[in-house]
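To start, the structure itself, in structure tokens.
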Amino acid sequence: SNGKYTITGDTYKITSVASDACKNNASLLTLDLSNCLYLAKVSQRSFQGCSNLQSLTLNEGLQQVEAYAFGNCTSLKQINLPSTLQGVGSTTFLGCTALKKFSVAQGNKRLVAFNDMLYCSWGDDGGMSLVSVPADIDKSHANIYHPSLRAIGAHAFENVKNLTYIQVPYGVTELGDNAFSNCTVEEVVIPRTCTNWGEGIFNGATNLSYLRCNLATPPSFSQNPFEGCPKFRLYTPKESVELYKKATYWKDWKYNSWFSFDIGRYDAYNHGNRKRCQIGCRRYGQGCKAYMRKAVTYHRAASQNHADS
């Protein structure tokens, strides 16, 4: 009891759960670790594939949950993280297809839950990384704005369903490996600040129809970041159209509509100038009014918070 066990008169403290300890245990329905007072680490794949696990309670004192520790626990709907937890792996909850919400106990200095999504401290400047988005999040438009957001972590949106539109906020500098892999998203907007791209960013994003990339120079990759994607329309800054047409993996989209545009002043949280949109995109009709109405409405509250911070 209380995180201890006794064998032949000797008492031991339970400080970690071993790798693969309960992997693929379909009989596990409830996991309550709240009385494990000395438990500091749940190792990689400890409970991976426990497909019928519906209730999870983690202990205060827990500091680390490693990669795939609860991966493919397809019955989990909500995950509550303790105040003592210092970090989670980018794949810790990958494949939890019923997951709708993250919450973090008050007092945690490294992790925060915002709009049901999980963020973690990143870098030395007080920035944050979006670590994980619940796979079954009840939203079609992801408001991922956080005043300190600097990175979209590896696998952050992987396997996420229901989402159709994602605008990466201005100020984000990095997209991690497989950030949008196998996501249902139809349209993604990338700001010009996001210059560091990982591999496999959009692999398997079969619903992707519109990618608005506001970088002047096309990102380079060692492998195709659009593997399995349809022939989506790519929109780039006016001065960069020819560069994208010649760039590896960007030039392959024969059915792209190369309508030049520059959304610089309309990047998320940086669109104070409300002049008529100059994009001229056919999808949204005359003057892109519908697009701008959506963007302005979607970000108005977040923009105000940003301005006040």
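Computed from a prediction, not measured in an experiment: that's the story for all the values here.
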State whether a side-chain donor-acceptor pair under 3.5 Å links Q106 with N108. no
Determine whether a donor-acceptor pair (N or O, by modelled atom type, separation under 3.5 Å) exists between the side chain of S75 and the backbone of S51. yes
Would you give the length of the straight line joining atom CG of N196 to atom CZ of R150, rounded to the nearest 0.5 angstrom? 13.5 Å
Pairwise side-chain contact, Y170 with R192, heavy-atom cut-off 4.5 Å (strictly under): yes
Please tell me whether F221 and L211 are part of a single hydrophobic cluster in this structure, the criterion being side-chain heavy atoms less than 4.5 Å apart. yes
Only one of L62, L111, V112 passes side chain to side chain contact (heavy atoms under 4.5 Å, CB included) with L81, and that residue is L111
Does the side chain to side chain contact (heavy atoms under 4.5 Å, CB included) test come out yes or no for L85 and R110, once each step is laid out? CA-CA 8 Å; L85 190 62; R110 296 272 301 174; over 6 Å; no
Within 45° of the axis and under 6.0 Å from the centre of the six-membered ring of Y235, does NZ or CZ of R212 qualify? yes
Do L31 and I79 land in one hydrophobic cluster if side-chain heavy atoms of ILVMFWY residues count as linked below 4.5 Å? yes
Y68, V131: one ILVMFWY side-chain cluster at the under-4.5 Å cut-off? no
Please check this pair: side chain of Y119 against backbone of I144, looking for a donor-acceptor N/O pair closer than 3.5 Å. yes
Say whether L99 and L94 are linked into one hydrophobic cluster, either directly or through other cluster members, by side-chain heavy-atom distances under 4.5 angstrom. no
Reported NE2-to-SG distance for the pair H155 and C183, which is rounded to 0.5 angstrom: 14.0 Å
With the side chain counted from C-beta on, respond yes when K246 and K251 share a heavy-atom pair under 4.5 Å apart, and no when they do not. no
Using only atom types and a distance under 3.5 Å, with no angle test, would you say the side chain of S209 pairs donor to acceptor with the backbone of N207? yes
So do the side chains of I201 and N178 get within less than 4.5 Å of each other, counting heavy atoms only? no
Strictly distance-based, threshold 3.5 Å: is any side-chain N or O of T193 a donor or acceptor partner for the main-chain N or O of G171? yes
Before you tell me yes or no, could you show the steps for N203 and F180 under side chain to side chain contact (heavy atoms under 4.5 Å, CB included), namely the whole-Å CA-CA distance, both residues' side-chain angles and the distance that decides it to 0.1 Å? CA-CA 7 Å; N203 284 357; F180 303 102; over 6 Å; no
Determine whether K139 and D116 satisfy the following criterion, salt bridge (Lys or Arg N to Asp or Glu O under 4.0 Å), listing intermediate values before the conclusion. CA-CA 10 Å; K139 293 177 173 65; D116 301 332; 3.2 Å; yes
Do I190 and N214 have side chains that approach each other closer than 4.5 Å (heavy atoms only, starting at C-beta)? no
Can you tell me how far the OG atom of S16 sits from the CD atom of Q63, to the nearest 0.5 Å? 12.0 Å
Other residues, nucleotides and ligands only: do more than 12 of their heavy atoms fall within 6.0 Å of NZ on K77? no
Evaluate whether atom NZ of K23 has more than 12 neighbouring non-hydrogen atoms of other residues, nucleotides or ligands under 6.0 angstrom away. yes
Kindly say whether I137 contributes a backbone atom to a donor-acceptor pair with the side chain of N162 at under 3.5 angstrom? yes
Measure the spacing between CG of L243 and OG1 of T236 and express it to the nearest 0.5 Å. 8.5 Å
V189 side chain reached by Y165 side chain, heavy atoms, under 4.5 Å: yes
For the atom pair OG1 (T91) and CZ (R45), what is the distance rounded to the nearest 0.5 Å? 10.0 Å
So, does D177 use its side chain to make a donor-acceptor pair with the main chain of E199 at under 3.5 Å? yes
With a 4.5 Å limit on heavy-atom distance, are the side chains of W197 and C213 in contact? yes
On the 0 to 90° scale, with breaks at 30° and 60°, tag the F47-F70 ring pair as parallel, tilted or perpendicular. parallel
Answer yes or no: is there a side-chain heavy-atom contact under 4.5 Å between T164 and H141? yes
If you measure only the distance, is there a donor-acceptor pair under 3.5 Å linking the side chains of S103 and N80? yes
Could you grab the distance from atom OG1 of T92 to atom CD of Q64, nearest 0.5 Å is fine? 9.0 Å
So does G200 get a backbone contact from the side chain of S181, meaning a donor-acceptor N/O pair under 3.5 Å? yes
Less than 6.0 Å separating the ring centroids of F102 and F93? yes
Is L208 reachable from Y249 through a run of I, L, V, M, F, W or Y residues, each pair having side-chain heavy atoms under 4.5 Å apart? yes
Donor-acceptor contact below 3.5 Å, side chain T57 vs main chain D32: no
Taking E66 for its side chain and S43 for its backbone only, find out whether a donor-acceptor pair lies under 3.5 Å. no
Determine, step by step, whether L130 and F157 satisfy the side chain to side chain contact (heavy atoms under 4.5 Å, CB included) criterion, reporting the C-alpha distance in whole Å, the side-chain angles of both residues, the deciding distance to 0.1 Å, and the verdict. CA-CA 9 Å; L130 176 57; F157 287 91; 3.7 Å; yes
Using a 3.5 Å distance criterion without hydrogens, assess whether the side chain of N52 forms a donor-acceptor pair with backbone atoms of L29. no
Can you say whether the rings of W250 and F226 are parallel (under 30°), tilted (30 to 60°) or perpendicular (over 60°)? perpendicular
Any idea which heavy atoms bring C120 and Q86 closest together, and the distance? SG-O, 4.4 Å
Checking side chain to side chain contact (heavy atoms under 4.5 Å, CB included) for the pair D136/K161: CA distance, chi angles, key distance, verdict? CA-CA 6 Å; D136 196 26; K161 49 192 175 182; 3.2 Å; yes
Closest heavy-atom pair and its distance - S240, A216: OG-O, 2.6 Å
Does a side chain donor of either E242 or Y244 reach within less than 3.5 Å of an acceptor in the other side chain? no
